[in-house]
Amino acid sequence: MSEGGGRVSGALSSLRLWFAPQRIAEEGDTPDYRFSLANERTFLAWLRTALALIGGGFAVDQFLPDLRWGWRVGLALALLGAGVLCALRAVNHWVRCERAMRRGEDLPVSRFPALLSLVVAIVAVAMVVIVLAGWAE
């Protein structure tokens with residue numbers, strides 16, 4: 001199987017585990033429960049971040065009616081999209097970490113935190129520019 005086909009197969013296997021986490025217990029050895037609970041706390045932190053981003057997206061759309069439509073919608077959609085991706089990434093990361101711990105492998109690394117940070121920073125800079133431009137008027 002090609003490398004790309006292996007990734008797709010692995011992604012589908014991981015996706016199935018989102019909805020059947022009991023199957024993770026079939027792999028490897030049971031890790032120290034403290035590590036599983038820490039993994040769950042990390043998952044919940046990612047979900048809180050997703051909820052905050054989604055709330056921020058709705059806040060931009062609802063509470064900045066004087067903002068030009070394109071800016072308001074663009075900022076709101078960027079925050080909402082980041083929230084959706086963050087929520088999906090949370091469960092994916094939880095599954096990948098749980099599997100790695102059970103298999104005795106290194107925990108998976110990800111570029112997602114850096115990507116999310118960049119999106120939030122870009123939205124924040126855009127909002128600073130908009131606020132400053134509003135003060136100048």
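Please read all numbers here as calculations on a predicted model, not as lab measurements.
Distance check: Ser117 OG to Ile122 CD1 gives 11.0 Å after rounding to the nearest 0.5 Å. A distance of 11.0 Å separates CD of Glu105 from SG of Cys97, quoted to the nearest 0.5 Å. Atom-to-atom distance recorded for Leu64:CG and Arg72:CZ is 8.0 Å, nearest 0.5 angstrom. Here Leu17 contributes atom CG and Glu27 contributes atom CD; the two are 6.5 Å apart, rounded to the nearest 0.5 Å. Rounding to the nearest 0.5 Å places CZ of Phe43 at 13.5 Å from CG of Leu37. The line from CG of Asn39 to CZ of Arg34 is 15.0 Å long, rounded to the nearest 0.5 Å.
Taking hydrophobic clusters as Ile, Leu, Val, Met, Phe, Trp and Tyr residues chained together by side-chain heavy-atom distances below 4.5 Å, Ile54 does not share a cluster with Leu75. The hydrophobic cluster containing Val84 does not contain Leu77, counting ILVMFWY residues as joined when their side-chain heavy atoms lie under 4.5 angstrom apart, directly or transitively. Under the 4.5 Å side-chain heavy-atom criterion for ILVMFWY residues, a single connected hydrophobic cluster contains both Phe19 and Leu88. Leu51 and Val120 end up in different hydrophobic clusters when Ile, Leu, Val, Met, Phe, Trp and Tyr side chains are linked at under 4.5 Å. Residues Leu132 and Val125 do not share a hydrophobic cluster, defined by chaining ILVMFWY side chains whose heavy atoms lie under 4.5 Å apart.
The local environment of CZ in Arg103 is crowded, with over 12 non-hydrogen atoms from other residues, nucleotides or ligands closer than 6.0 Å. Surrounding CG of Asp32 are more than 12 heavy atoms belonging to other residues, nucleotides or ligands, all under 6.0 Å away.
Smallest separation of non-hydrogen atoms from Trp18 and Val95: CD1-CG2, 3.8 Å. Scanning both residues, Pro108 and His93, for their nearest heavy atoms gives O-CE1, 4.1 Å. Taking both residues in full, the closest heavy atoms of Pro31 and Ser36 are given as CG-OG, 3.6 Å, listed atom of the first, atom of the second, then distance. Among all heavy-atom pairs drawn from Ala76 and Asp61, the shortest one is CB-CB, 4.0 Å. Nearest heavy atom pair, residue Ala90 against residue Leu47, reads CB-CD2, 4.2 Å. In this structure, Ala87 and Ala50 approach most closely via the heavy-atom pair N-CB, 3.6 Å.
Applying the salt bridge (Lys or Arg N to Asp or Glu O under 4.0 Å) definition to pairs two or more places apart or across chains, none involves residues 43-54.
Put simply, the side chain of Leu116 reaches to within 4.5 Å of the side chain of Trp46, judged on heavy atoms. Here the side chains of Leu53 and Val119 are not in contact, with every heavy-atom distance at 4.5 Å or above. The side-chain heavy atoms of Met127 and Val60, taken from C-beta on, include a pair separated by under 4.5 Å.
Between the side chains of Arg96 and Ser110, no donor-acceptor pair is found at a separation under 3.5 Å.
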Take Thr30 and Arg102 through the test side chain to side chain contact (heavy atoms under 4.5 Å, CB included) and record every step on the way to the result. CA-CA 6 Å; Thr30 302; Arg102 295 189 71 79; 3.5 Å; yes
Could you walk me through whether Phe112 and Leu85 pass the side chain to side chain contact (heavy atoms under 4.5 Å, CB included) test, one step at a time? CA-CA 9 Å; Phe112 185 77; Leu85 290 175; 4.0 Å; yes
Evaluate side chain to side chain contact (heavy atoms under 4.5 Å, CB included) for Thr42 paired with Trp94, printing each intermediate quantity in order. CA-CA 8 Å; Thr42 302; Trp94 176 81; over 6 Å; no
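In terms of modelled atom types and a separation under 3.5 Å, the side chain of Arg99 and the main chain of Ile24 share no donor-acceptor contact.
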